[in-house]
Amino acid sequence: MKAIPPTAFTNNYLPLFYFNVFFACVSFSIIMPSLAPYLERCGAGDPTFLAWVVCVYSLGEMVGSLMFGAMYNRAVVWDRVKGPRVVLCVVIFSGIVGSVLYLLGDILSMPNLVFWGRALQGLWTGGQQSVEQAYLAFAALPGERTELTSRLGTFAVLGFILGPAFGAMFTTINFRVAALNLTVDPYTAPGIFILFVGVAMFVATSNFFLPSPVSGREMAGSSSKSSLEAMVGSSTGTGEDDDEESTSLLHANRGAVAGSSTYPPPSNVAVTTLLVIFFVHFYSFAVQETITTPLVLNLYHFEQYQVNLLFIGVGVLSLFTSATVGFLSRFFSDRSMLVLSLVLGLIGSVLLIDTKDDFLGLPRFLLGFGIITVAFPFGRNVTISIFSAVLGEVEQGFYMGLMLAIGAIPRALGPFWAIKSLQLAADEQGKYHTWLEFMTSSAFFVLSLALVLPTFGTLVPFEDFYNLEAGEDGRGDEEEAMVKTNAKVATPKKKFQSPKVGERRNSFRPAVAAQIQGEFNSKDNLLSSS
């Protein structure tokens with residue numbers, strides 16, 4: 001059996017991931033407009049039950065990110081190719097079960113089923129993000145991580161924007177399925193739609209997701225002719241038996257490396273800094289999505305159509321910003337864009353601070369609101385990209401799950417404080433003041449800037465942080481020169497000299513050589529095909 005060349009796996013997963021993340025985000029926003037009346041019809045008499053149903057989705061995201069991220073790490077040790085696909089299918093299946101429970105809440109008039117259904121759907125969304133981001137960090141070429149992360153963010157924003165539009169398609173539907181005791185109407189149709197989307201995701205993932213056995217970094221390293229010659233020259237033998245041996249060697253090598261304990265740990269300072277920044281950006285986002293509607297209704301007496309137009313504008317601006325991040329990453333370093341996102345968040349928050357004597361004017365509100373809207377996609381996408389580079393070659397499932405869980409905390413708890421801060425700062429007539437809330441946001445951004453500036457030198461790729469030399473990481477002279485030419489950041493002076501790293505780096509070479517040997521029967525054939 002002829003081995004599949006490593007380049008065949010390059011970015012083949014992206015269309016599927018775009019589809020998955022788009023509809024995962026649609027599953028959140030398509031439900032929101034109809035959730036309150038749906039719960040009331042299911043028999044939820046307490047209005048606060050709605051807040052708990054909204055909150056449990058974010059809590060599910062937090063748990064799912066950690067749980068399925070850790071599961072991903074174990075799965076790739078078990079099997080580099082099958083593991084990611086199995087975990088992603090399990091994640092999606094939890095969403096399918098959640099969608100069924102959401103619909104059973106109406107059929108059985110049990111609102112608690114809606115609660116648990118939304119919890120499982122949150123589990124699905126959080127787990128899917130951590131697994132897909134961890135796989136992207138493994139499979140993407142090093143120079144593409146920021147751009148691909150930005151693209152995934154763009155599809156996520158599109159899902160949030162177009163979710164209500166999908167829901168609007170069902171506004172005229174109204175019929176009954178007697179066999180299931182189910183009424184299909186504008187309240188249940190979004191849940192049915194998400195159920196069918198989940199099934200489609202499961203079928204597509206189980207059939208078309210072909211995980212790569214070779215990392216993007218290895219593929220980038222093997223692209224240099226001298227590197228290929230060295231690796232193929234170190235392996236011998238031809239024929240079908242060698243192809244099978246090469247394949248088994250590849251899987252054994254990847255499994256061994258995935259479970260290896262010889263990896264130096266990533267910088268704890270860099271990891272902590274990035275987690276704090278991620279939390280701050282998501283706190284700002286949670287505040288924005290929570291208080292915007294009550295604020296504009298209270299201060300500016302917006303009509304509902306004006307509120308809708310405001311959120312449409314926010315969506316378009318977020319979409320444009322997400323698309324711009326990938327383009328700008330070609331010209332500016334990730335660290336520079338990270339600092340820019342914090343500065344923008346601080347400026348926007350300061351603009352939204354009023355005083356106890358004066359209320360916030362509408363033009364100033366729109367300006368500050370718009371700047372914060374731009375800051376979030378910048379911060380989210382760039383922070384994930386830097387985090388992935390800082391972690392290096394370790395399996396990133398758990399770490400990505402941890403980061404996304406950190407981001408889910410302010411989304412779960414932030415809304416409660418956001419509303420409370422408006423109430424505490426309101427005047428005697430009940431008109432809201434924003435000084436308390438946005439002074440808090442500003443303080444968070446100041447803290448982040450104070451943290452990132454002294455740790456700026458640690459926010460670099462793993463290899464640069466440890467200053468691995470060419471002889472240690474197995475790079476050829478040609479590849480090393482290319483890396484130095486394209487480097488965007490200065491290399492810190494800290495140096496890692498453990499001999500185990502050199503052994504680990506060199507252990508990658510048989511794996512790549514095995515794959516190449518399956519494609520080219522000899523070194524001479526390889527050179528003649530170049």
Practice problem: Say whether Q121 and S99, considering side chains only, have a donor N or O and an acceptor N or O under 3.5 Å apart. | Solution: yes

Exercise. For S448 and V280, work out which heavy atoms get closest and say how close.
Key: OG-CG2, 3.2 Å

Practice problem: Any chance you could measure M62, atom CE, to I409, atom CD1, to the nearest 0.5 Å? | Solution: 5.5 Å

Quiz item: Is the distance between the ring centroids of F155 and F19 less than 6.0 Å?
Solution: no

Quiz item: Do L195 and I96 come within less than 4.5 Å of each other through their side chains, counting heavy atoms only?
Solution: yes

Quiz item: Around R41, counting heavy atoms of other residues, nucleotides and ligands shown, do more than 12 lie under 6.0 Å from its CZ?
Solution: yes

Practice problem: Report yes if the distance between the aromatic ring centroids of F209 and Y135 is under 6.0 Å, otherwise no. | Solution: yes

Quiz item: So, T188 side chain and T183 main chain: donor-acceptor pair closer than 3.5 Å or not?
Solution: yes

Quiz item: How about H281 and S341: does a side-chain donor come under 3.5 Å of a side-chain acceptor?
Solution: yes

Exercise. Apply ring pair (Phe, Tyr, Trp, His ring centres under 6.0 Å) to Y187 and list each qualifying residue two or more places apart in sequence or on a separate chain.
Key: none

Self-check item: Shortest non-hydrogen contact from I372 toward F438
Solution: CD1-CE2, 4.2 Å

Self-check item: side-chain contact (heavy atoms from CB on, under 4.5 Å) assessment of W124 paired with F68
Solution: CA-CA 9 Å; W124 159 38; F68 288 115; over 6 Å; no

Quiz item: Where is the tightest heavy-atom contact between I31 and R118, given as atom of each residue plus distance?
Solution: CG1-NH1, 3.6 Å

Exercise. Taking atom types as modelled, find out whether D334 and S385 have a side-chain donor-acceptor pair closer than 3.5 angstrom.
Key: yes

Quiz item: Between OG1 of T434 and CD1 of I353, what distance do you get to the nearest 0.5 Å?
Solution: 7.5 Å

Quiz prompt | K431, NZ: over 12 other non-hydrogen atoms inside 6.0 angstrom | solution = yes

Practice problem: Measure the shortest side-chain to side-chain distance between I291 and Y432 over non-hydrogen atoms and say whether it is less than 4.5 angstrom. | Solution: no

Quiz prompt | Sub-4.5 Å side-chain heavy-atom contact between L402 and S65 | solution = no

Exercise. Please identify each residue that fulfils salt bridge (charged side-chain N to carboxylate O under 4.0 Å, His left out) with D354, with sequence neighbours left out.
Key: none

Exercise. Taking atom types as modelled, find out whether T440 and Y283 have a side-chain donor-acceptor pair closer than 3.5 angstrom.
Key: no

Quiz item: Is any side-chain heavy atom of V271 less than 4.5 Å from a side-chain heavy atom of L391?
Solution: yes

Quiz item: Are V86 and D79 close enough that some pair of their side-chain heavy atoms sits under 4.5 Å apart?
Solution: no

Quiz item: Taking all non-hydrogen atoms of both residues, which atom of S206 and which atom of R85 are closest, and how far apart?
Solution: O-CD, 3.7 Å

Quiz item: Hey, what do you get for CD (Q288) to CD (E437), rounding to the nearest 0.5 Å?
Solution: 11.5 Å

Quiz item: Taking the six-membered ring of F285 as reference, does the NZ or CZ atom of R380 fall below 6.0 Å from its centre and within a 45° cone about the axis?
Solution: no

Self-check item: Pair Y38-D185, side-chain contact (heavy atoms from CB on, under 4.5 Å): steps then yes or no
Solution: CA-CA 10 Å; Y38 182 70; D185 58 18; over 6 Å; no

Exercise. Report yes if the side chains of L101 and V114 come closer than 4.5 Å at any heavy-atom pair, otherwise no.
Key: no

Quiz item: When rounded to the nearest 0.5 angstrom, what is the spacing between CG in N381 and OG1 in T324?
Solution: 11.0 Å

Quiz item: Distance from L338 atom CG to T383 atom OG1, nearest 0.5 Å?
Solution: 4.5 Å

Exercise. List the atom of S130, the atom of G69, and the distance in Å for their closest heavy-atom pair.
Key: OG-N, 3.8 Å

Exercise. Please check if atom CH2 in W52 has more than 12 non-hydrogen atoms from other residues, nucleotides or ligands closer than 6.0 Å.
Key: no

Quiz prompt | L275 side chain near F387 side chain, heavy-atom distance below 4.5 Å | solution = yes

Quiz item: Tell me, do Q128 and I92 make a side-chain contact under 4.5 Å, heavy atoms counted?
Solution: yes

Quiz item: For the rings on F278 and F282, is their centre-to-centre separation under 6.0 Å?
Solution: yes

Quiz item: Should V184 and I192 be marked as a side-chain contact (heavy atoms from CB on, under 4.5 Å) after you check the CA-CA gap, both sets of side-chain angles, and the distance that decides it?
Solution: CA-CA 8 Å; V184 181; I192 297 172; 3.9 Å; yes

Quiz item: Do the side chain of N207 and the main chain of V203 share a donor and acceptor less than 3.5 angstrom apart?
Solution: yes

Quiz item: From I386 CD1 over to I384 CD1, what is the distance, rounded to the nearest 0.5 angstrom?
Solution: 11.0 Å

Self-check item: side-chain contact (heavy atoms from CB on, under 4.5 Å) evaluation trace for V452 with V276
Solution: CA-CA 10 Å; V452 75; V276 170; over 6 Å; no

Self-check item: All ring pair (Phe, Tyr, Trp, His ring centres under 6.0 Å) counterparts of F196, not counting sequence neighbours
Solution: none

Self-check item: Distance-minimising heavy-atom pair for T321 and V374
Solution: CG2-O, 3.4 Å

